[in-house]
Novice: 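Just passing along the structure, written as C-alpha cells.
Lettering follows sequence order; numbering is per chain, from 1.
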Protein chains: 2
Amino acid sequence: MRRNHPAGRLPEPPSPIADDGDETHFCRTCAFSGACIAEGYGKPELVELHCLVEHVGPFHAGEHIFRTGDPFRSIFAVRAGTVKTSMVDPAGREQVLGFYLPGEVIGLNAIYPDQFPCDAVALDTAYFCRFSFPAMSALATRMPAVQQRLFRLISKELGMATLLAGDHNADVRMAAFLTDLAARYEERGFSGTRFHLSMSRGDIANYLRLAAETVSRVLSRFRQQGLIELEGREMVLRDPERLRAIGKNLLPQ
Amino acid sequence: MRRNHPAGRLPEPPSPIADDGDETHFCRTCAFSGACIAEGYGKPELVELHCLVEHVGPFHAGEHIFRTGDPFRSIFAVRAGTVKTSMVDPAGREQVLGFYLPGEVIGLNAIYPDQFPCDAVALDTAYFCRFSFPAMSALATRMPAVQQRLFRLISKELGMATLLAGDHNADVRMAAFLTDLAARYEERGFSGTRFHLSMSRGDIANYLRLAAETVSRVLSRFRQQGLIELEGREMVLRDPERLRAIGKNLLPQ
DNA sequence: AATCGCGCTTGACGTATGTCATCTCTGCCG
DNA sequence: CGGCAGAGATGACATACGTCAAGCGCGATT
C-alpha cells in the first residue's frame with residue numbers, strides 16, 4: 001500500500017531543548033520556574049534553590065538515570081532530551097510508566113517507598129537538573145511556593161496515572177496520547193503539531209497497554225483517515241481537533 | 001449449583017471503626033498519627049494540628065462528601081465507614097477511582113486542579129476528620145513531619161494508581177484487589193481474612209475495569225477453587241497466600 | 001400476600017485486541 | 001558488497017472479556 005504523502009522526507013522539527021538557565025535564573029520551561037515567579041526574583045531563597053541544583057548529563061540513548069531499588073535522594077528535572085520510566089513486574093514484563101519531556105520532573109513516585117520504584121532510561125541524549133530531595137523539602141518548609149509546587153507536581157502526576165488507568169479502546173488511547181504529547185510540547189514552547197517521537201512503537205504500545213501491532217494498525221488507520229502524517233518517527237498532526245475529540249474521554253477536563 | 005459452605009449465615013465480622021481520637025490524641029489508625037509519633041507527643045504544633053481538624057458526619061450510604069468541581073479547601077480522613085471516589089468521563093460513564101477505609105485520606109488528587117476532580121460517596125454510614133488544606137500546608141511549613149507525611153500520602157496514592165493502570169487479566173486484578181483490601185484492614189487492626197464488602201459487585205467491577213458479570217464469574221470460580229468463602233457481601237479469605245500469589249504482578253513489592 | 005425493583009449469577013454469543021507469522025526496510029558491521 | 005539485526009507493517013487466527021438475555025432471591029412498598 002502506498003503512503004499518502006508526497007515523496008521526500010518531512011522537514012526536521014525544531015529540537016526540544018530547555019537549557020536556557022544559568023546560575024541565577026531557571027530554565028524558562030522548568031517545572032520549578034513557577035515557584036520563582038510566584039515569589040518574585042531576587043529573594044535569597046532563590047539562590048538557595050539554585051544552590052541545591054546540580055547539572056548532570058549527558059546521558060545517551062539507553063543509559064539509566066536511575067534504577068529500581070536505588071535509594072531515593074534526588075528528583076530530576078529534564079533539561080534536554082526525553083526519558084522513559086518503566087518498571088518490571090514480578091512476571092518479568094516491562095511496564096512503561098511515562099515519557100518525560102524537557103521541563104518535566106521525574107522521581108516523584110519514589111517519595112513514598114523511599115527508593116526508586118522504576119527505572120529511568122534516556123531515549124535520546126538527555127541532560128538534567130538534579131535536586132537533592134531532603135534539601136528541597138527543607139527549603140519547602142521555608143518557602144511555601146516551593147512546597148505548593150511539589151504538592152501540585154505529585155498531584156498532577158496522580159491525575160495522569162488515574163486517567164491512564166481508565167477503560168478505553170485503542171483509538172481513544174492513541175488519540176489521547178498524541179494530543180497530550182502535543183499539548184506538552186506546546187506548553188514548553190515547541191511545535192504542538194509537528195514533533196519527533198523519541199520512543200519506539202513498542203514503548204508507546206506498552207505505555208498504552210496495547211500490543212505493538214495494535215499501535216501500528218491504529219497509526220496506519222489514523223494516517224489513512226488524514227488525521228496524521230507519519231514517516232518513521234516524524235509526526236505531523238494534520239487534524240489535532242479531531243484527535244482531541246477522539247481522545248477526549250481520556251483527557252483532563 | 002449448590003454453595004460449598006454449610007447452611008447458615010457467616011458470623012458477623014467486627015465493624016471497622018477508627019474513632020478513638022479525642023481533642024489531644026489522634027485516632028490510632030489515622031494516616032496522620034505517624035506525624036505525631038515522629039515528632040513526639042506534647043509539642044505545641046500537635047495542638048495546632050488538632051485545632052485545624054473538624055469532625056464531620058454522619059454521612060449515610062449514598063450521600064456525597066464532595067462532588068466533582070467543588071472548590072478544594074479540605075482533605076478528609078475517614079474515621080468510620082467506607083467511601084467510594086469516582087469520576088464521570090465525558091461519555092457519561094462512571095469510573096470508580098478507589099475505596100477508602102477508616103484511617104485513609106481522600107481528596108489529595110484535588111491539590112493540582114485546585115478543585116475536586118471526582119465525587120466521594122459514602123458506601124455506609126461514615127464519619128470524617130476534615131483538615132483545612134491551606135491551614136495544613138501552613139502547618140507543614142513549620143512541621144517537617146507533617147510535610148513529609150503529606151508528600152508520602154500523595155506519592156503512595158500515585159503508586160497505587162500506577163499499579164492499577166497495568167495490564168493484567170481478571171483473575172490477577174480480583175486477587176490483588178482482595179489481597180490489598182485484606183492488608184489494609186489488617187494494617188488498621190481489623191481482620192485481614194474476614195470482612196464485609198461495602199461496595200457492590202458493579203463498583204468492584206468498575207474499579208477493576210471489568211464488567212460486573214466478569215467479577216461474578218471470577219468470584220464464583222475463586223469460591224469453587226476454595227480460595228474464598230462468600231455469602232452476599234460477607235467475605236472470608238480461605239487461602240490468602242494463593243490469592244497473593246495470583247495477584248502478585250499487581251501488588252507492591 | 002402480592003408486586004416490584006435491584007443486586008447478583010449464569011449461559012450464549014460477539015468482538016476488540018492479543019498472538020503468531022511473514023515481509024519489508026533501514027542501518028550497521030565485517 | 002553481503003549478511004544480519006531490529007523496527008515496523010500487515011495478515012490470519014485465537015481468546016479473554018464484554019454484551020445481551022434470562023432467571024433467582026431478597027428487601028421494600030403497597
Side-chain angles (χ1 to χ4, degrees), chain A residues 1-5 7-10 61-62 84 91 93-96 123-124 166-175 177 196-225 228-235 246 249, chain B residues 1-5 7-9 60-62 84 91 93-96 123-124 166-175 177 196-224 228-235 246 249-250:
Chain A
M1 182 178 298
R2 292 289 86 201
R3 300 270 167 73
N4 65 350
H5 53 71
R9 311 194 120 275
L10 298 172
K84 167 182 88 166
R93 299 176 309 176
E94 180 183 15
Q95 302 262 311
V96 174
L123 292 177
D124 40 33
D167 169 41
H168 307 283
N169 68 27
D171 283 25
V172 172
R173 300 182 101 89
M174 194 69 220
F177 172 71
H196 176 82
L197 297 172
S198 343
M199 66 296 287
S200 69
R201 303 287 193 273
D203 282 342
I204 297 174
N206 190 315
Y207 174 65
L208 299 177
R209 277 53 169 153
L210 301 168
E213 293 89 336
T214 304
V215 165
S216 260
R217 281 187 258 262
V218 172
L219 286 175
S220 295
R221 190 149 33 74
F222 280 5
R223 191 161 43 194
Q224 282 169 21
Q225 294 169 343
I228 61 172
E229 249 172 81
L230 181 60
E231 184 174 336
R233 296 188 178 182
E234 301 308 316
M235 172 67 74
I246 294 171
N249 286 357
Chain B
M1 183 177 299
R2 292 288 86 200
R3 299 271 167 74
N4 65 351
H5 53 71
R9 312 193 119 273
H60 298 288
K84 168 182 88 169
R93 300 176 309 176
E94 180 184 15
Q95 303 261 312
V96 174
L123 292 177
D124 40 32
D167 169 40
H168 306 283
N169 68 27
D171 283 23
V172 172
R173 299 182 101 90
M174 194 69 222
F177 172 70
H196 177 83
L197 297 171
S198 345
M199 67 294 287
S200 69
R201 303 287 194 274
D203 282 341
I204 297 174
N206 190 314
Y207 174 65
L208 299 177
R209 278 51 169 153
L210 300 169
E213 294 89 335
T214 303
V215 165
S216 258
R217 281 187 257 264
V218 172
L219 287 175
S220 295
R221 191 149 31 75
F222 280 5
R223 192 161 43 194
Q224 283 169 22
I228 60 172
E229 249 172 82
L230 182 59
E231 184 174 336
R233 296 189 179 181
E234 301 307 318
M235 172 67 75
I246 294 171
N249 286 358
L250 211 149

Novice: Could you pick out which residue, B/D167 or B/R217, lies toward the 5' side of DNA chain C when each is mapped onto its nearest nucleotide?
Specialist: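 Nearest nucleotide further toward 5': that of B/R217.
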Novice: What nucleotide among D/dA7, D/dC17, D/dA9 has an atom nearest to a side-chain atom of B/T214?
Specialist: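 Within the option list, the nearest is D/dC17.
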Novice: Mind checking B/R233 for me? I need base, sugar-phosphate or nothing, with any heavy atom below 4.0 Å counting as a touch.
Specialist: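 It contacts sugar-phosphate atoms only.
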Novice: Hey, does A/R209 reach any base, or is it just sugar-phosphate, or nothing, if we go heavy atoms under 4.0 Å?
Specialist: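 Answer is sugar-phosphate: A/R209 comes under 4.0 Å of backbone atoms only.
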Novice: Are B/M174 and B/L210 close enough that some pair of their side-chain heavy atoms sits under 4.5 Å apart?
Specialist: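 No, their side chains stay 4.5 Å or more apart.
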Novice: Calculate the interatomic distance between B/E231 atom CD and C/dT9 atom P; express it in whole Å.
Specialist: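 Taking CD of B/E231 and P of C/dT9, I get 12 Å after rounding.
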Novice: Side chain of A/S216: nearest nucleotide among D/dA16, D/dA9, D/dA7?
Specialist: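 Of D/dA16, D/dA9, D/dA7, D/dA9 is nearest to the side chain of A/S216.
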Novice: What contact category does A/L210 fall into here, base, sugar-phosphate, or nothing, at under 4.0 angstrom with non-hydrogen atoms?
Specialist: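 Answer is sugar-phosphate: A/L210 comes under 4.0 Å of backbone atoms only.
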Novice: Could you tell me which non-hydrogen atom of A/D171 sits nearest to which non-hydrogen atom of A/F222, and how far apart they are?
Specialist: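 Heavy-atom minimum between the residues: O-CZ, 3.7 Å.
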Novice: Starting from C1' on C/dT17, measure out to CE on A/M174 and report it in whole angstrom.
Specialist: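 One finds 15 Å between C1' of C/dT17 and CE of A/M174, rounded.
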Novice: Can you tell me how far C1' of C/dG7 sits from CG of B/N206, to the nearest Å?
Specialist: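 Nearest whole value for this atom pair: 15 Å.
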Novice: Please state whether the phosphate of D/dG8, meaning OP1 or OP2, lies under 4.0 angstrom from any side-chain nitrogen or oxygen of A/R201.
Specialist: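 Yes, because at least one side-chain N or O of A/R201 sits under 4.0 Å from OP1 or OP2 of D/dG8.
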Novice: Would you indicate which nucleotide in C/dG11, C/dG18, D/dC17 comes nearest to any side-chain atom of B/E213?
Specialist: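 Within the option list, the nearest is C/dG11.
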Novice: Does D/dG6 have its OP1 or OP2 closer than 4.0 Å to a side-chain nitrogen or oxygen of A/S200?
Specialist: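 Indeed not, no polar side-chain atom of A/S200 lies that close.
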Novice: In whole Å, I'd like the distance from the NE2 atom of A/H168 to the C1' atom of C/dT17.
Specialist: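 From A/H168 NE2 to C/dT17 C1': 16 Å.
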Novice: Under 3.5 Å, side chain of A/R223 to main-chain N/O of A/L230, donor-acceptor pair present?
Specialist: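 Here the side-chain-to-backbone pair exists.
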Novice: Between A/L230 (CG) and D/dT10 (P), how many Å, whole number?
Specialist: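 Distance, rounded to whole Å: 11 Å.
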Novice: What is the distance from CG of A/D203 to P of D/dG8, rounded to the nearest Å?
Specialist: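 About 9 Å, once rounded to whole Å.
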Novice: Give the rounded distance in Å between these two atoms: CE of A/M199 and C1' of D/dG8.
Specialist: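 The distance from CE of A/M199 to C1' of D/dG8 comes to 16 Å, rounded to the nearest Å.
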Novice: Check whether any side-chain heavy atom of B/T214 lies under 4.5 Å from a side-chain heavy atom of B/L208, and answer yes or no.
Specialist: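 When only atoms from C-beta onward are counted, B/L208 and B/T214 do not touch, as no gap falls below 4.5 Å.
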Novice: Shortest non-hydrogen contact from B/H168 to A/R93?
Specialist: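 Minimum heavy-atom separation between B/H168 and A/R93: ND1-NH2, 3.6 Å.
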Novice: Where the side chain of A/R223 is concerned, which of D/dA9, D/dG18, C/dT19 is the nearest nucleotide?
Specialist: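 Nucleotide nearest to A/R223's side chain: D/dA9.
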Novice: In this structure, how many angstroms lie between the C1' atom of D/dA16 and the CG atom of B/L208, rounded?
Specialist: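 Taking CG of B/L208 and C1' of D/dA16, I get 16 Å after rounding.
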Novice: Hey, does A/A170 reach any base, or is it just sugar-phosphate, or nothing, if we go heavy atoms under 4.0 Å?
Specialist: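 Sugar-phosphate contact only.
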